[in-house]
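Worksheet: one structure, shown below.
Reminder, nothing fancy here: chain letters follow the sequence lines and each chain counts from 1.
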2 protein chains.
Amino acid sequence: MPVTIKDLAQELRLSVATISKALKDSYEISAETKQRVLELAHRLHYVPNPYASSLRKGSSKTIAVVVPEVADSFFALSINGIESVAREKGYHVLIYQTHEQGEREQAILQAFHNGRVDGVLLSVSGDAAGTDHFEELCANDVPLVFFDRVCTTVAAARVQTDDQVSGYMATQHLLEAGCKRIAVLAADKQLSIISDRIAGFEAAIAESASPRGKHTVLYCDAAEENAYGQLVTLLQGSDRPDGIIGLVESLALLAYKACNALQLSIPRDVKVMGFSNTKAAALLQPSLTTITQPAFDMGRQAAILLFKALQKSHFSLKEEWHVLPSVLEKRASTGSGDA
Amino acid sequence: MPVTIKDLAQELRLSVATISKALKDSYEISAETKQRVLELAHRLHYVPNPYASSLRKGSSKTIAVVVPEVADSFFALSINGIESVAREKGYHVLIYQTHEQGEREQAILQAFHNGRVDGVLLSVSGDAAGTDHFEELCANDVPLVFFDRVCTTVAAARVQTDDQVSGYMATQHLLEAGCKRIAVLAADKQLSIISDRIAGFEAAIAESASPRGKHTVLYCDAAEENAYGQLVTLLQGSDRPDGIIGLVESLALLAYKACNALQLSIPRDVKVMGFSNTKAAALLQPSLTTITQPAFDMGRQAAILLFKALQKSHFSLKEEWHVLPSVLEKRASTGSGDA
DNA sequence: TTGAAAGCGCTAACAT
DNA sequence: ATGTTAGCGCTTTCAA
């Protein structure tokens, strides 16, 4: 049995109230008593029962992070950012994965309706399942901060990157490199990050002299094998693209795979770039030009907002909307092909 | 305020006990009452307060996962394996990172001494800080399962891969490929996985006709820049290695970087292989030969053991020791260099 | 400066 | 089949 406040009280012949106050350094308690209590607590390895105090105080010192997937360099890094501030604040972090399934997202949020966590950081699942579960959480006064994949119709804080600008920059970069037929590889249509990036792409094309008809957006199947098939078909078509933008990391890598298989040279035949946060980008052959998101900082920023809301109740998350810039890292996959 | 069992009782003019029993489908309660309770609970979005029941029952339906780093393909995948079984069992998962710092590991485990979690899955930090914190946890009857990076002196369950065999296989593979001067790139000396892999390397060399003196183990600095420097120096030396084994993922990638910089051709000049779980391995140029660990399964297996211990108290983790095989994936980086 | 006691929401033994 | 009650460990008001 773990040692409790009662044990300490008995041992020191004090009341539990005194112990409790001494442990939190209350001004009501004499310095000498505090000393004795702390000493014994330390000697007996006393650790307060977190559930008893959570129950009593109505707060858990725990936050939840809900992401599509941990095994993804972007989310892994943003979790690091979140963790860095949670640790400073002495908070614990529960991590949940939706695996891109809307139903799981709903089920997970369901569990937060009774004080399990003091707040939630979430990046929405690709397979959207409406927004009722978000609304309900907010209605229950559980602070919610979206990061990266946000939901614009819900009145919660948002931390994201400038996806439209990024899509624009990426397209611009390929146009400047001389591409005439750009193919954009997209994932889940309903994700804000995808539609925003595509909007940026469309804007860049519209502004350019290049006719829209030459360029294309390919919505790839969620199953990798299928997506690969789509891609191969595209690359074997008569109007083969000479530039590819993968809107998510996995699609850029898939493009490499397809080009290798079809013996297309990157960047000679096809220039490839992608939204990606993996360190391996620089080590691919040729090294991959990327739009890199500030993953760690986005997580950090989102967590900072959440804790602000937790600390001062008058701070409203409803109108917080932060946008952090992504950066274009030019590498060999969109170069001229000369050394 | 969230709705409680009391609210339901009042509304239905029943006692809290009846509600509680009805909610857990007790045989004592009439079908009709159950029906009414469930219906109301659902209508009011009743979610039980987890802390109240944890406090009462003395168990939290929560486990902790302690890993060096989430942003690492091996750990991310093993977390997935763990999560898959936690979800089946309806458990919540707290994730903590040590960032390879022994002190943090101690501080984290400290928090588990009073029921916060029902059990712990842990992969030890590189910067070891003794084993007292493990012993104390076990002494407090918190079930502990080590995975991948285990601690052999503590009587807790262990799930690992056959690191010695893997080291042997890797070395064997390079010898067969004709390497005469193999360099093994090692990380933290005190980690079991590192010393075991080196033992396998030594065994393979000893068995071969190749003189031990030609081969070398390079202990790389934890800071990547420094490790890079060490590596470049090695590759510029008079007795340049013609085979490299990176004992952790980052070191294999570093070898690529160094070879690129020094214009050494892989696999012509140097054959490179590494312990790695990243999907990018197949996409590197040349594709990287790897020893791939069963990351997901190791996590899954470790979690299964833990839940076994949680369910049947007479099941002892002390003597559980599971070894899962890693596989050698031969790719171009250790080939002959011909197409 | 210290202590007594109520109560957070839930469960389970023990009535009825 | 349903109800009463004690209590998990802690915090907090109020009293001494």
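Aromatic ring orientation, A/Y96 versus A/F112: perpendicular (interplanar angle above 60°, classes split at 30° and 60°).
If you check C/dG3, C/dC14, C/dT2 against the side chain of A/E28, the one that comes closest is C/dT2. Considering only the side chain of A/I29, C/dT2 comes nearest among C/dT2, C/dG3, C/dC10. Comparing D/dC8, C/dA12, D/dT12 by their closest approach to the side chain of A/K57 singles out D/dT12. Ranking C/dA4, C/dA12, C/dC10 by closeness to the B/A17 side chain, first place goes to C/dA12.
Separating the CZ atom of B/R36 from the C1' atom of D/dT2 is a distance of 12 Å, rounded to the nearest angstrom. Rounded to whole Å, atom P of C/dG3 lies 10 Å from atom CG of A/L12. Taking atom CD1 of A/I19 as the reference point, atom C1' of C/dT1 lies 13 Å away to the nearest angstrom. If you measure from atom CG of A/L23 to atom P of D/dG9, you get 15 Å, rounded to the nearest angstrom. In this entry the distance linking CG of A/D7 with P of D/dC10 reads 9 Å, nearest Å. For the pair B/L55 CG and D/dA6 P, the interatomic distance rounds to 17 Å; values are reported in whole Å. Atom CZ in B/R13 sits about 16 Å away from atom C1' in D/dG3, given to the nearest Å. The distance between atom OH of A/Y51 and atom P of D/dC8, rounded to the nearest whole Å, is 18 Å.
Between the side chains of A/H99 and A/E69, a donor-acceptor pair is found at a separation under 3.5 Å. Looking only at atom types and distance, the side chain of B/E320 has a donor-acceptor partner in the side chain of B/H322 under 3.5 Å away.
Interatomic distance, A/F74 CZ to A/T161 OG1, rounded to the nearest 0.5 Å: 8.0 Å. Considering CG of B/L121 and CG of B/L94, their distance stands at 12.0 Å, rounded to 0.5 Å.
Phosphate proximity of C/dT1 to A/T33: absent, as no side-chain N or O sits under 4.0 Å from OP1 or OP2. Neither OP1 nor OP2 of C/dG9 sits under 4.0 Å from any side-chain N or O of B/Y46. In terms of phosphate contacts, A/S30 brings a side-chain nitrogen or oxygen within less than 4.0 Å of OP1 or OP2 of C/dT2. Of the side-chain N and O atoms in A/T18, one or more sit less than 4.0 angstrom from OP1 or OP2 of C/dG3. Contact between the side-chain N/O atoms of B/S15 and the OP1/OP2 oxygens of D/dG3 is found at a separation under 4.0 Å.
Nucleic acid contact for A/S20: base, since at least one base atom lies under 4.0 Å from a heavy atom of the residue. Across all strands shown, B/K21 has heavy atoms under 4.0 Å from base atoms, whether or not it also approaches the sugar-phosphate. Counting any heavy atom pair closer than 4.0 Å across all strands shown, B/S54 reaches no nucleic acid atom.
For the strand DNA chain C, secondary-structure stems (runs of at least three Watson-Crick or G-U pairs, all distances below 3.5 Å) span C:1-16 with D:1-16.
Toward the 5' end of DNA chain D, the nearer of the two residues B/A52 and B/A31, judged by each one's closest nucleotide, is B/A31.
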**Request:** Show the numbers, then the answer: is there a salt bridge (charged side-chain N to carboxylate O under 4.0 Å, His left out) between A/E83 and A/R300?
**Result:** CA-CA 8 Å; A/E83 192 237 29; A/R300 209 180 146 77; over 6 Å; no
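By the side-chain hydrogen bond (donor to acceptor under 3.5 Å, both in side chains) test, B/Q97 pairs with A/N80, sequence neighbours left out.
What you find for B/A156 and B/L144 is that their closest heavy atoms are CB-O, 3.4 Å.
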